[in-house]
Enquirer: 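Dumping the structure here so I can ask a few things about it.
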Amino acid sequence: MPAQPQDIIGFWRSAGPAKWFAKNANFDDVIRLKFEAVHHAAARGQYDDWCADPEGALALILLLDQFPRNLYRKSAHALATDPMALKVARQAVARGFDVQIEAGLRAFVYMPLEHSEDLEDQEACVQLMTRLEAETGDGEPLRYAMVHLDVIARFGRFPHRNPALARETTPAERAFLEDGGFSG
């Protein structure tokens, strides 16, 4: 039976913030067991029709943006579906789907913008996270959006991705990373 948006969203919601951003091999293994094949199907476009409503768009963004970061840490594949997730996120925001998603999960609609190495996407993300903070009072998503924006404004890319993407690290990027700069 094919996956349904509520499968992905229910799993993610029940995992909660303690697991969303922690590096946890056991959690990664659970995602691999339950959703790696679904992620690959989404990457092949098999769930593109989910973009038609807010819940489907959120589920697709989770599959294309969040899950690969757990499944393929420190590899190029962790970022391979970012363009697809970014397209879904932009469409969801343009259609007003984002504001129809519960506030506790809405930041994930904006994450593909935050993960983009494009300054305009970063600026849009900060605007959206600012709006979210005004609604919820939770400043954490905005704080991280600002960190991402600052890195892109400074370097035009995320230096911590250089090894996975076989990019040369500049001396300024190396100094930034060695000094404890943002490392994903």
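Position 1 is the first residue of the sequence; numbering continues from there. Note that this is a predicted model, so its numbers are computed, not measured.
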Enquirer: Just so I know, are the side chains of Pro2 and Tyr47 near enough to count as touching, which here means a heavy-atom distance under 4.5 Å?
Expert: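 Of all side-chain heavy-atom pairs linking Tyr47 with Pro2, at least one is under 4.5 Å.
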Enquirer: Does Leu132 reach the side chain of Leu142, with side-chain heavy atoms less than 4.5 Å apart?
Expert: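 The answer is no; the side chains never approach within 4.5 Å.
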Enquirer: Is it the case that atom CD in Glu102 sees more than 12 heavy atoms from other parts of the structure closer than 6.0 Å?
Expert: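 Enclosed.
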Enquirer: Where do Glu36 and Phe67 land on the side chain to side chain contact (heavy atoms under 4.5 Å, CB included) test, with the steps shown first?
Expert: CA-CA 8 Å; Glu36 186 173 33; Phe67 285 15; over 6 Å; no
Enquirer: For residues Ala59 and Ile8, report the shortest heavy-atom separation together with the two atoms involved.
Expert: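 That closest heavy-atom pairing would be O-CG2, 3.8 Å.
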Enquirer: Counting only N and O atoms by type, is there a donor-acceptor contact under 3.5 Å from the side chain of Arg95 to the main-chain atoms of Cys51?
Expert: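 The answer is yes, because a donor-acceptor pair under 3.5 Å joins these two groups.
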Enquirer: How close do Arg157 and Val151 get, counting heavy atoms only, and between which atoms?
Expert: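 Heavy-atom minimum between the residues: O-CG1, 3.6 Å.
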Enquirer: Parallel, tilted or perpendicular, judged at 30° and 60°: which one describes the rings of Phe27 and Phe11?
Expert: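 Rings of Phe27 and Phe11: parallel, under 30°.
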Enquirer: What distance separates Leu149 CG from Ser116 OG, expressed to the nearest 0.5 Å?
Expert: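 So the CG of Leu149 and the OG of Ser116 are separated by 11.0 Å.
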Enquirer: Flag the pair Leu71 / Gln66 as yes when at least one side-chain heavy-atom distance between them is below 4.5 Å, and no otherwise.
Expert: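 A side-chain contact under 4.5 Å is absent here.
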Enquirer: Any chain of hydrophobic side-chain contacts (each under 4.5 Å) joining Tyr110 to Leu119?
Expert: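 Same hydrophobic cluster.
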Enquirer: Roughly how far, to the nearest 0.5 Å, is CZ of Arg13 from CD of Gln6?
Expert: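 Taking CD in Gln6 and CZ in Arg13, the distance rounds to 10.0 Å.
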Enquirer: Pair Leu62, Phe35 - check side chain to side chain contact (heavy atoms under 4.5 Å, CB included), show working.
Expert: CA-CA 11 Å; Leu62 291 171; Phe35 297 109; over 6 Å; no
Enquirer: Using the rule that two of Ile, Leu, Val, Met, Phe, Trp, Tyr join whenever any of their side-chain heavy atoms come within less than 4.5 Å, decide whether Phe176 and Val147 are in one cluster.
Expert: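 Same cluster.
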Enquirer: Please name the pair of heavy atoms, one in His39 and one in Leu64, separated by the smallest distance, quoted to 0.1 Å.
Expert: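 Scanning both residues completely, I find the closest heavy atoms to be ND1-CA, 4.5 Å.
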Enquirer: Taking only residues two or more places apart in sequence, or in another chain, which ones meet Phe21 in a ring pair (Phe, Tyr, Trp, His ring centres under 6.0 Å)?
Expert: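 So Phe21 forms a ring pair (Phe, Tyr, Trp, His ring centres under 6.0 Å) with Phe108.
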Enquirer: Given salt bridge (charged side-chain N to carboxylate O under 4.0 Å, His left out), test Glu135 with Arg106 step by step and report yes or no.
Expert: CA-CA 11 Å; Glu135 180 181 333; Arg106 192 175 312 148; 2.7 Å; yes
Enquirer: Would you say the side-chain atoms of Gln122 pair up with the backbone N or O of Glu114, donor to acceptor, closer than 3.5 Å?
Expert: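 Present.
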Enquirer: Do you know which two heavy atoms are closest between Ala42 and Asp48, and how far apart they sit?
Expert: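 Of all heavy-atom pairs spanning Ala42 and Asp48, the closest is O-OD1, 4.4 Å.
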Enquirer: Is the distance between the ring centroids of Phe158 and His148 less than 6.0 Å?
Expert: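 Phe158 vs His148: aromatic centres under 6.0 Å.
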Enquirer: Look up atom CD in Glu123 and atom CG in Asp121, then write down how far apart they are to the nearest 0.5 Å.
Expert: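 One gets 9.5 Å once the value is rounded to the nearest 0.5 Å.
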Enquirer: Indicate whether the side chain of Glu168 and that of Asn162 have a donor and an acceptor atom separated by less than 3.5 Å.
Expert: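 Their side chains do not contain a donor-acceptor pair, so the 3.5 Å distance test is not met.
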Enquirer: Could you tell me the separation between the CG atom of Leu63 and the CG atom of Leu58, rounded to the nearest 0.5 Å?
Expert: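 Atom-to-atom, Leu63:CG and Leu58:CG are 9.5 Å apart.
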Enquirer: Tell me every residue that passes ring pair (Phe, Tyr, Trp, His ring centres under 6.0 Å) with Tyr144, counting only those two or more places apart in sequence or in another chain.
Expert: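 Tyr144 satisfies ring pair (Phe, Tyr, Trp, His ring centres under 6.0 Å) with no other residue.
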Enquirer: Would Arg167 and Glu117 count as a salt bridge (charged side-chain N to carboxylate O under 4.0 Å, His left out) here? Give the steps.
Expert: CA-CA 14 Å; Arg167 299 188 302 206; Glu117 291 186 324; 2.9 Å; yes
Enquirer: Side-chain heavy atoms nearer than 4.5 Å, only ILVMFWY residues, links allowed to pass through others: does that put Phe97 and Val99 together?
Expert: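 No, separate clusters.
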Enquirer: For the side chain of Trp20 and the backbone of Trp12, is there at least one donor-acceptor N/O pair under 3.5 Å apart?
Expert: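 Present.
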Enquirer: Measuring from atom SG of Cys125 to atom NE2 of His115, what distance do you get when rounded to the nearest 0.5 angstrom?
Expert: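 Result: 8.5 Å between the selected atoms.
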Enquirer: Is it the case that one hydrophobic cluster holds both Met111 and Leu79, taking links as side-chain heavy atoms less than 4.5 Å apart, direct or via other members?
Expert: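 No.
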Enquirer: Given Asp82 and Leu86, is the side chain to side chain contact (heavy atoms under 4.5 Å, CB included) satisfied, shown in steps?
Expert: CA-CA 6 Å; Asp82 280 7; Leu86 185 58; over 6 Å; no
Enquirer: Taking all atoms of both residues into account, what is the closest heavy-atom pair of Ala78 and Arg69, and its distance?
Expert: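 Looking at all heavy atoms of both residues, the closest pair is O-NH1, 3.7 Å.
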Enquirer: Under 3.5 Å, is there a donor-acceptor pair between the side chain of Thr81 and the main chain of Met84?
Expert: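 No, because the side chain of Thr81 does not come within donor-acceptor range (under 3.5 Å) of the backbone of Met84.
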Enquirer: When you measure from the side chain of Asp7 to the backbone N and O of Gln4, does any donor-acceptor pair fall under 3.5 Å?
Expert: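 Yes; at least one donor-acceptor contact below 3.5 Å.
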Enquirer: Does the distance from a Lys or Arg side-chain N to an Asp or Glu carboxylate O, for Glu120 and Arg90, drop under 4.0 Å?
Expert: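 Looking at Arg90 together with Glu120, the answer is no, because their closest N to O distance does not fall below 4.0 Å.
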Enquirer: Leu33 versus Asp29: any side-chain heavy-atom pair under 4.5 Å?
Expert: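 No, side chains not in contact.
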Enquirer: Please name the pair of heavy atoms, one in Ile61 and one in Pro112, separated by the smallest distance, quoted to 0.1 Å.
Expert: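 Shortest heavy-atom separation between Ile61 and Pro112 comes out as CG2-CG, 3.7 Å.
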Enquirer: Working to the nearest 0.5 Å, report the span between CE of Met129 and CG of Asp138.
Expert: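 The CG atom of Asp138 is 10.0 Å from CE of Met129, to the nearest 0.5 Å.
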